[in-house]
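The structure appears right after this line, and notes come after that.
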Number of protein chains: 2
Amino acid sequence: MAITRAISDPSRVRILLALRQGELCVCQITGLFGFAPSTVSKHLSILHQAGLIQSRKTERWVYYRLAGKSAPAAAREAIGWVHKSLGRTGEAARDAKNLKKILATDPAEICRRQRC
Amino acid sequence: MAITRAISDPSRVRILLALRQGELCVCQITGLFGFAPSTVSKHLSILHQAGLIQSRKTERWVYYRLAGKSAPAAAREAIGWVHKSLGRTGEAARDAKNLKKILATDPAEICRRQRC
DNA sequence: TGTATATTTCGTCAAACAACTAAATGATTA
DNA sequence: TAATCATTTAGTTGTTTGACGAAATATACA
């Protein structure tokens, strides 16, 4: 049930879709959505608790990525369903486009820009 | 997103699991859960709007069943995930056990008993 | 036709939730 | 050591949600 609750929020689904491109740090997701860092952090915490994403801390940044082979089948299959069934919307395409711009920028500059 | 919202509530998941046994009328589900009929009706409405269940009206009763072949793939796959990933809990087993008793009783008597 | 009966709709209330700001934490750099 | 930076935690606020009871709808029966 932690999984169903986690994917019931549109912003968290957007995060799961964005992470298809690879791992992202908190400030990159913040830059993508325009939410406050604390809001993004909370969403990531819920996704993490549901076993849908994993994290890696390096230098100043925490990177989040989709749960891999080590994750329970229920989580992996939920991720697959989200990508397949919710990944073709206009919003997803728009996010992917904006994400490209963000990925072309150094994370440090993104953080400086949003003063996070 | 209607699907993710629909399966984010534990009671609605319980309904989807109960419907594995076959179609059920509103008063049978009401008897299984102990909720007010209006509460069950609302849950069924949300599941129906998400395309996860279908309904059939006959005589005085409305029977609900899991969405079949005609339903969109996203809905059918969500149902499959729910059954596979959430159908093995103790609560699901308890519900299935209680449901057997309810199925052994005439729907009319169930309704009379709960004055619905 | 009138009266049950089964379900749905409406209105209300308390609990849960997502967003924010501000403060705390933890790690790096001067 | 002090300062800065990225993230998290705490606390607040407005909105959504799930529960109920009462009224409305629709169907069957007397």
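Throughout, a chain's letter reflects where its sequence line sits, starting with A, and its residues are numbered from 1.
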What is the separation between atom CD1 on A:Ile15 and atom P on D:dT7, rounded to the nearest whole Å?
13 Å
Value in whole Å for how far the C1' atom of D:dT7 lies from CG of A:Leu24:
15 Å
If you compare every side-chain N and O of A:Tyr64 against the phosphate oxygens of D:dA6 (OP1, OP2), does one of them come in below 4.0 Å?
no
Assess whether atom CD of B:Glu91 is packed by more than 12 heavy atoms of other residues, nucleotides or ligands within 6.0 Å.
yes
Reported CZ-to-CG distance for the pair B:Arg12 and B:Leu52, which is rounded to 0.5 angstrom:
10.0 Å
Name the pairs: protein N/O against N/O of nucleotides 15-21 of chain C, kept only if under 3.5 Å.
{"residue": "C:dC17", "atom": "OP1", "partner": "A:Arg5", "partner atom": "NH1", "Å": "3.1"}
{"residue": "C:dA18", "atom": "OP1", "partner": "A:Arg12", "partner atom": "NH1", "Å": "3.4"}
{"residue": "C:dA18", "atom": "OP1", "partner": "A:Arg12", "partner atom": "NH2", "Å": "2.8"}
{"residue": "C:dA19", "atom": "OP2", "partner": "A:His43", "partner atom": "NE2", "Å": "2.3"}
{"residue": "C:dC20", "atom": "OP2", "partner": "A:Ala36", "partner atom": "N", "Å": "2.9"}
{"residue": "C:dC20", "atom": "OP2", "partner": "A:Thr39", "partner atom": "OG1", "Å": "2.7"}
{"residue": "C:dT21", "atom": "O4", "partner": "A:Ser38", "partner atom": "OG", "Å": "2.9"}

Could you tell me, to 10°, how much the axis swings from one end of the helix from C:dT1-D:dA30 to C:dA30-D:dT1 to the other, five pairs per end?
10°
From B:Ser38 OG over to B:His43 NE2, what is the distance, rounded to the nearest 0.5 angstrom?
10.0 Å
Taking atom P of D:dG18 as reference, at what distance in whole Å does atom CE of A:Met1 sit?
11 Å
In whole Å, I'd like the distance from the CZ atom of A:Arg56 to the P atom of D:dA6.
16 Å
Find the distance between NE2 (B:His83) and CZ (B:Arg88) and round it off to the nearest 0.5 Å.
11.0 Å
Is a side-chain donor or acceptor of B:Thr30 paired with a backbone partner of B:Val26 at a separation under 3.5 angstrom?
yes
Which whole-number value in Å describes the distance from B:Leu44 CG to C:dA6 C1'?
13 Å
Rounded to the nearest angstrom, tell me the gap between atom CH2 in A:Trp61 and atom C1' in C:dA27.
12 Å
Each nucleotide N or O in nucleotides 26-30 of chain D that has a protein N or O under 3.5 Å away: list the pair and distance.
{"residue": "D:dT27", "atom": "O3'", "partner": "B:Glu59", "partner atom": "O", "Å": "3.3"}

